Amino acid sequence: MSDLRPTGTGTDLDPWLATYAERASGLAASEVRALFAVASRPEVVSLAGGMPYVRAIPRELVAGAIDRMLLADAPAALQYGSGQGLPRLREHIVEVMAEEGIAASPDDVVTTTGSQQAIDLVTKLFIDPGDVILAEGPSYVGALGVFKSYQARVVHLPMDADGLVPEVLEAAILEQRAAGRTVKFLYTIPNFHNPAGITLSAERRPRVVEICRRLGVLIVEDNPYGLLWFDAPPPPPLQTLDPEGVVYLGSFSKTFAPGFRVGWAVAPHAIREKLVLAAESAILSPSSFNHLLIAEYLETVDWRAQIARFRDVYRERRDAMLAALQTYLPNLTWNEPNGGFYIWVGLPGELHSKQMLPRAVRELVAYTPGTGFYADGSGGREMRLSFCYPTPEDIAIGIQRLATVVNGELELVRAFAGTGSLAPRRDDRAVGAPPPDLR
Ligand code: PMP
């Protein structure tokens, strides 16, 4: 049989190397992946992952819902379903969104395989190579990976304690246009930002919406954490201010469980129709089993009480992390999030979060370097700490270990500076996409 595989164009490891589409070059492997394999060892306290604490869900609640769902209609659970998502589930999604002030109808909702797939589908619909996406700096690593794979140009917008700065947003749109570039959308996480922990203030929300509406820029509002507030609910979503100008993304991953992989998008009518077609072309139909199960859970379990339980768990962990930072690392800077999973930490200028990571793993603590959260790999002076998964006791131990790492590294760098020796090399290259447990 003749062999038509390409020869001489690939490598020993990958003979197909010259055959990939150009966009596949955006699928970079993570430089820190190997470290994180080590970081998932039980003796390491991981402040790196963004994994919800699903053990806070009583097992009987889920087991009971599965039983009832299968008894009621096993054949439907085992069959293909509607590409847009089970209508009964979409009705409940509307109720969940009403908790945050969104008034939508089940017809406006498209379910997706986690909100991650919604990010992918929206990007696929709107981005040609070289188009500009505006995003906070830092931004969600999983979205940056999608944007890169569609060859978008990401322009980061710095935040202050109140989130996106409207004047900076407007100037960036005008500047990109003046440079002849097409700005397609603003990707924003207004509530308990991943990774920055910041919430966009109530005063700024209408200004951000007004600027985007006036300048004709679509808003993609990613809101997986909005219901996980600690002290008071965040202001209403941007979607409530301009339903025709916003594609809103929601998810059950943080308020129920990520294992079901159910998220959704709410979009203006014409965009919604295209999203349904794109979703069907990607997956034909979502998991009927998971849709029926989540519908059953929402109908028969007090899900609001479960979300309140999550809030209590995460609030306690946030407090533990803030207290530990204050005790062990008062020489760093950080913000105090009012919800979500993350604290964003600034390091002294001499340190580099990616370079320091091997040392941290040796000290049995892991974090996510800031470099993964910027499209250009900057962020070496920052790191993300997650308080969602470890217990309060482990958080205190982890921060204590981190203090050993930071102070040890500072001593080393300062000793080099004092002797006039060459300081350790600083490396600002992008980390690449971390493995899923870091997102
Ligand atoms: N957006 C943000 C801001 C996230 O933090 C995450 C998960 N870490 C996602 C989207 C994706 O979540 P999922 O696909 O599980 O809904």
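For ligands, and for the atoms within them, numbers begin at 1 and follow the listed sequence. The model shown is predicted, which means the values in this text are computed figures rather than measured ones.
Contacts with ligand 1 closer than 4.0 Å are made by side-chain heavy atoms of Pro224 only, the backbone lying farther away.
Residue-ligand proximity: Ser251 is placed with a non-hydrogen atom under 4.0 Å from ligand 1. Using 4.0 Å as the threshold, Arg261 has a heavy atom nearer than that to some atom of ligand 1. Using a 4.0 Å cutoff on heavy atoms, Tyr225 counts as a contact of ligand 1. Within the structure, ligand 1 lacks His193 among the residues with a heavy atom less than 4.0 angstrom away.
Judged purely by atom type and a 3.5 angstrom limit, Thr113 has no side-chain atom pairing as donor or acceptor with the backbone of Arg261.
We find that Arg207 and Glu170 are not joined by a salt bridge, their nearest charged nitrogen and carboxylate oxygen being 4.0 Å or further apart. Taking 4.0 Å as the cut-off between side-chain N and carboxylate O, Arg318 and Glu336 do not count as a salt-bridged pair. Under 4.0 Å is where a charged nitrogen must lie from a carboxylate oxygen, and between Arg315 and Asp312 at least one such pair does.
Every atom of ligand 1 is numbered from 1 in the order shown, and the set under 4.0 Å from a heavy atom of Ser253 is 13 (P), 15 (O), 16 (O). Near Ile189, meaning under 4.0 Å from one of its heavy atoms, ligand 1 places the atoms 3 (C). Within ligand 1, the atoms closer than 4.0 Å to a non-hydrogen atom of Asp222 are 1 (N), 2 (C), 3 (C), 10 (C), numbered from 1 in the order shown. Counting atoms of ligand 1 from 1 in the listed order, those under 4.0 Å from a heavy atom of Gly114 are 13 (P), 14 (O), 16 (O).
With 3.5 Å as the limit, one finds a donor-acceptor pair spanning the side chains of Tyr374 and Glu382. At a cut-off of 3.5 Å, with distance as the only test, no side-chain donor of Ser105 or Asp107 sits close to an acceptor on the other residue.
Checked against a 6.0 Å centroid threshold, the rings of Phe260 and Phe252 do not count as neighbours.
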